[in-house]
Amino acid sequence: MADPASYRPQTGEIPTNPGVYRFRDPHGRVIYVGKAKNLRSRLNSYFANPAGLLPKTHAMVHAASSVEWTVVGSELESLQLEYTWIKEFKPRFNVMFRDDKSYPYLAVTMGEKYPRVQVLRGERRKGTRYFGPYTAGAIRDTMDTLLRVFPVRSCSAGVLKRAEASGRPCLLGYIDKCSAPCVKRISTEDHRALAEDFCAFMGGEAKPFVTRLEKEMAAAVAELDYERAARLRDDIVALKKVFERNAVVLAEGTDADVFALHEDELEAAVQVFHVRGGRIRGQRGWVVEKVEDFTTPDLVEHLLQQVYGAEAESQGRLPREVLVPAEPSNAPELAEWLSGLRGARVDIRVPQRGDKAALLSTVRDNAEHALKLHKSRRAGDLTMRSQALQELQEALDIPVALMRIECFDISHVQGTNVVGSMVVVEDGLPKKSDYRKFSITGAAANDDTAAMHDVLTRRFRHYLQEKSDHAAAAALPGHLAALNAAGDAAVAGALPGTAGALTDTTTATPRAKFAYPPNLVVVDGGKPQVNAAARALAELGVDDVYVVGLAKRLEEVWLPDSDFPVILPRASAGLYLLQRIRDEAHRFAISFHRQKRGKAMTVSALDSVPGLGASKRKALLAEFGSVKSIRAATAAELTVAKGIGPSLAEAIVRHFSEEDSAGAPALPAINMTTGEILET
């Protein structure tokens with residue numbers, strides 16, 4: 001843990017301009033990003049009296065080893081740059097509003113040839129339009145009802161391919177809940193128009209569709225087509241049923257997002273109601289840990305910054321009005337930024353009376369309940385994780401807290417397609433963005449211990465190289481390193497057209513490929529694997545990382561150069577944590593091994609032709625139908641295939657001639673799993 005005085009900059013070196021600052025840990029990782037109207041005043045507040053800071057702020061300044069800043073031309077630019085760097089670096093100590101992920105969305109994949117309606121959770125995907133969130137039961141009912149009126153495809157890609165191949169639609173096509181574009185009952189253009197109508201209805205434009213159906217029903221009655229009129233009547237009832245599920249809470253035509261929060265000294269819960277056309281269309285929630293001594297206006301500013309910044313990138317639609325419990329810090333600049341994202345004016349208001357204030361009170365009640373529920377759930381989870389980490393630390397006699405654990409595993413089948421995996425756990429939770437895969441070839445693939453030595457060597461060689469690069473960059477004088485290549489890219493990307501107005505007083509390093517080193521390395525195996533891993537670290541000079549192995553047979557924990565294992569109690573939370581990490585590494589390694597093995601399953605006589613890539617092999621097979629026909633073709637005939645020129649055609653003919661003269665057998669394309677001949 002560093003002393004803040006060891007890296008405190010001289011007061012005179014810090015400018016008084018507005019800007020954005022970053023704290024870095026000893027490994028060069030950005031752990032906090034902030035902005036300030038006056039950089040000198042703001043940064044001095046961290047170092048004047050560290051003992052008087054909030055617990056998390058105190059932990060942040062002691063975890064850091066350096067601070068750097070970027071001067072900008074205005075507060076609006078600092079707002080943009082702060083958001084960009086928070087999104088890029090994901091600093092550990094920043095306020096991060098994490099979606100509770102408990103509500104599903106109704107999604108329409110407009111990026112596909114045949115748009116699909118489905119229920120999705122989690123991160124948003126490009127080219128997909130989202131509506132909601134809804135409760136799980138309500139969204140299924142809504143989707144089922146609307147497919148009657150808008151029969152858009154809702155099947156998976158596998159079902160779609162089977163229907164196209166067989167020429168028969170799935171069950172939904174037979175019961176008129178899908179227009180069956182797979183069998184050309186509807187054209188691609190008409191099906192996309194149908195999906196657009198679905199999106200328009202879900203976006204709040206319900207009345208035009210109801211009015212149109214009522215006119216069609218009246219026309220059907222006039223023509224005495226009572227069966228069609230009855231179907232249209234049922235469609236109208238279905239649309240009205242969906243439309244009336246959402247209660248009218250504000251004046252018709254009101255588009256607004258209503259935010260409210262409930263907070264204590266350490267955490268805050270946020271809820272938002274999405275109101276479109278005066279009706280509540282969805283609800284979302286977040287829970288955030290406080291890092292600095294944030295006021296409610298500060299929290300509101302960070303909330304709007306992160307929520308709408310992410311939605312703009314996901315093609316989300318911003319409302320005309322944003323209702324908040326307190327006017328955010330930098331409200332004019334924030335409104336200007338949101339207006340730029342929306343392409344039209346956005347008003348940020350604090351309702352004082354009337355229906356909007358009453359709705360805000362309801363949202364606040366939801367936030368209060370969400371915080372209570374979060375605390376009750378988190379208490380048990382946090383207690384168990386802390387207990388497991390503490391038990392493990394004490395049992396292995398490790399003097400440092402196990403903030404980061406990495407586990408390595410090797411997977412292969414009888415020495416073929418040997419791969420390694422690395423999974424990461426931080427604070428007892430998986431960090432999947434830091435998972436890594438390794439392909440192992442050569443002598444290292446001969447046995448498990450050599451493979452483990454190879455993987456550990458490669459992982460920590462990357463770390464040492466990045467550490468060396470960072471140290472070299474940090475050694476440059478601060479003012480000479482202003483706006484280096486990485487800093488230029490980050491600033492220019494955040495503020496297009498304004499980079500010339502910025503001055504970076506320190507260097508900015510690229511994001512590390514292997515993040516920072518673990519406190520503990522776990523290998524899947526016993527004494528041989530542990531010793532191989534320890535030897536790899538010793539050869540690289542890494543002496544601050546502890547190594548253990550978990551043997552499967554008796555779940556023994558092995559330490560390097562130890563003749564006897566450590567036996568943890570079967571009911572130990574620490575042993576359970578090690579088992580979960582080991583099983584996750586095994587799963588990740590097996591999935592990569594299967595993927596690699598699958599690619600190697602198909603072999604062909606064309607694979608060994610020099611200069612013949614995958615696309616040209618496909619073009620030849622599409623033109624001639626089989627390897628046998630390609631062998632019999634002349635160079636001039638081969639040039640008929642797309643992408644095959646005269647020189648490549650000659651090379652193909654020469655390759656097969658040399659193969660025949662050497663007496664090599666002709667190899668068809670074979671699936672090595674099933675034995676099926678794919679080319680004849």
Side-chain angles (χ1 to χ4, degrees), residues 384-415 418-430 435-436 438 440 444-457 459-460 517-539 542-593:
M384 288 303 297
R385 284 192 284 121
S386 300
Q387 179 184 348
L389 291 171
Q390 186 174 356
E391 280 187 14
L392 202 54
Q393 182 182 348
E394 292 174 354
L396 301 177
D397 195 23
I398 297 176
V400 296
L402 302 180
M403 303 299 294
R404 179 181 172 102
I405 302 173
E406 294 180 0
C407 184
F408 296 83
D409 187 25
I410 306 298
S411 180
H412 61 87
V413 173
Q414 296 182 346
V418 185
V419 299
S421 70
M422 176 184 106
V423 301
V424 180
V425 169
E426 285 192 357
D427 296 328
L429 295 174
Y435 285 16
R436 294 293 183 269
F438 301 85
I440 304 169
N446 292 336
D447 64 83
D448 283 358
T449 56
M452 188 65 72
H453 181 277
D454 179 67
V455 168
L456 267 293
T457 300
R459 186 267 182 263
F460 283 94
N519 307 110
L520 176 66
V521 163
V522 180
V523 297
D524 182 16
K527 185 176 180 179
Q529 287 80 8
V530 172
N531 289 337
R535 187 172 67 255
L537 296 182
E539 290 171 357
V542 178
D543 56 4
D544 57 349
V545 176
Y546 297 87
V547 181
V548 300
L550 184 62
K552 286 189 179 71
R553 190 170 67 90
L554 299 175
E555 303 293 22
E556 306 160 330
V557 179
W558 286 90
L559 301 177
D561 300 322
S562 175
D563 294 330
F564 301 98
V566 176
I567 306 298
L568 296 177
R570 285 293 177 178
S572 165
L575 177 60
Y576 180 55
L577 175 62
L578 280 181
Q579 289 171 328
R580 285 192 293 120
I581 298 172
R582 188 267 317 278
D583 293 345
E584 174 68 357
H586 190 59
R587 179 202 64 80
F588 193 52
I590 287 220
S591 64
F592 181 43
H593 169 73

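Quick note: numbers below take in every heavy atom, side chains included, and nothing from hydrogens, waters or symmetry partners. Counting from 1, the numbers follow the sequence of the chain as shown. It should be emphasised that the depicted structure is a prediction, and the values quoted were computed from it without experimental measurement.
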> Taking the side chain as C-beta and beyond, is there a heavy-atom pair between Asp448 and Met452 under 4.5 Å?
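They are not in side-chain contact.
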> Out of the candidates Leu520, Val566, Val530, Val523, only one should pair with Val548 under the side-chain contact (heavy atoms from CB on, under 4.5 Å) rule; please name it.
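Testing Val548 for a side-chain contact (heavy atoms from CB on, under 4.5 Å) against Leu520, Val566, Val530, Val523 leaves exactly one candidate, Leu520.
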> Please check: side-chain N/O of Asn519 versus main-chain N/O of Met403, any donor-acceptor pairing under 3.5 Å?
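Yes; at least one donor-acceptor contact below 3.5 Å.
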> Flag the pair Asp524 / Ile410 as yes when at least one side-chain heavy-atom distance between them is below 4.5 Å, and no otherwise.
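No, every pair of side-chain atoms sits at 4.5 Å or beyond.
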> Can Gln529 and Phe408 be said to form a side chain to side chain contact (heavy atoms under 4.5 Å, CB included), step by step?
CA-CA 10 Å; Gln529 287 80 8; Phe408 296 83; over 6 Å; no
> Could you check Leu550 against Gln579 for side chain to side chain contact (heavy atoms under 4.5 Å, CB included), going step by step and ending with a plain yes or no?
CA-CA 8 Å; Leu550 184 62; Gln579 289 171 328; 4.2 Å; yes
> Work out which heavy atom in Cys407 is nearest to a heavy atom in Ile581; give both atom names and the distance.
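Scanning both residues completely, I find the closest heavy atoms to be CB-CG2, 3.2 Å.
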> Which pair of non-hydrogen atoms, one from Phe592 and one from Gly420, has the smallest distance, and what is that distance?
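Closest heavy-atom pair between Phe592 and Gly420: CD2-O, 4.4 Å.
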> Tyr546: what forms a ring-ring contact (aromatic ring centres under 6.0 Å, His included) with it, not counting sequence neighbours?
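If we apply the ring-ring contact (aromatic ring centres under 6.0 Å, His included) test to Tyr546, skipping adjacent residues, there are no hits.
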> Looking at Ala536, is its backbone amide N or carbonyl O close enough to the side chain of Thr457 to form a donor-acceptor pair, meaning the two atoms are under 3.5 Å apart?
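No, the answer is negative, given that no donor and acceptor are paired below the 3.5 Å cut-off.
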> What distance separates Leu559 CG from Asn531 CG, expressed to the nearest 0.5 Å?
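Leu559 CG to Asn531 CG: 10.0 Å, rounded to 0.5 Å.
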> Does any part of the side chain of Leu568, heavy atoms only, come nearer than 4.5 Å to the side chain of Leu392, both counted from C-beta?
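Yes; the side chains approach each other to less than 4.5 Å.
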> Please give me the minimum heavy-atom distance between Phe588 and Arg436, naming the atom from each residue.
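For Phe588 and Arg436, the tightest heavy-atom pair comes out as CE2-O, 3.4 Å.
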> Can you see which heavy atom on Ala533 is nearest to which on Val547, and at what distance?
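Looking at all heavy atoms of both residues, the shortest contact is CB-CG1, 3.9 Å.
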> Considering non-hydrogen atoms only, spot the tightest contact between Val424 and Glu406 and give its length.
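Taking every non-hydrogen atom into account, CG2-CG, 4.0 Å.
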> Can you confirm whether more than 12 heavy atoms, excluding those of Asp544, are under 6.0 Å from its CG atom?
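Yes, the 6.0 Å shell around CG holds more than 12 heavy atoms from other groups.
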> Who passes side chain to side chain donor-acceptor pair (under 3.5 Å) against Tyr576, sequence neighbours left out?
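With neighbours one apart ignored, the set is empty.
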> Between the main-chain N or O of Glu391 and the side-chain N or O of Glu394, is there a donor-acceptor pair closer than 3.5 Å?
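Checked: no pair found.
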> Which heavy atom of Pro565 sits nearest a heavy atom of Glu556, and at what distance?
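Looking at all heavy atoms of both residues, the shortest contact is CB-CB, 3.7 Å.
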> Is any side-chain heavy atom of Pro518 less than 4.5 Å from a side-chain heavy atom of Met422?
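The answer is no, as the side chains (C-beta and beyond) never meet within the 4.5 Å cut-off.
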> Is there a side chain to side chain contact (heavy atoms under 4.5 Å, CB included) between Ile405 and Leu389? Walk through the geometry before answering.
CA-CA 10 Å; Ile405 302 173; Leu389 291 171; 4.1 Å; yes
> What's the verdict on side chain to side chain contact (heavy atoms under 4.5 Å, CB included) for Arg580 and Leu577, showing C-alpha distance, side-chain angles and the deciding distance?
CA-CA 5 Å; Arg580 285 192 293 120; Leu577 175 62; 3.4 Å; yes
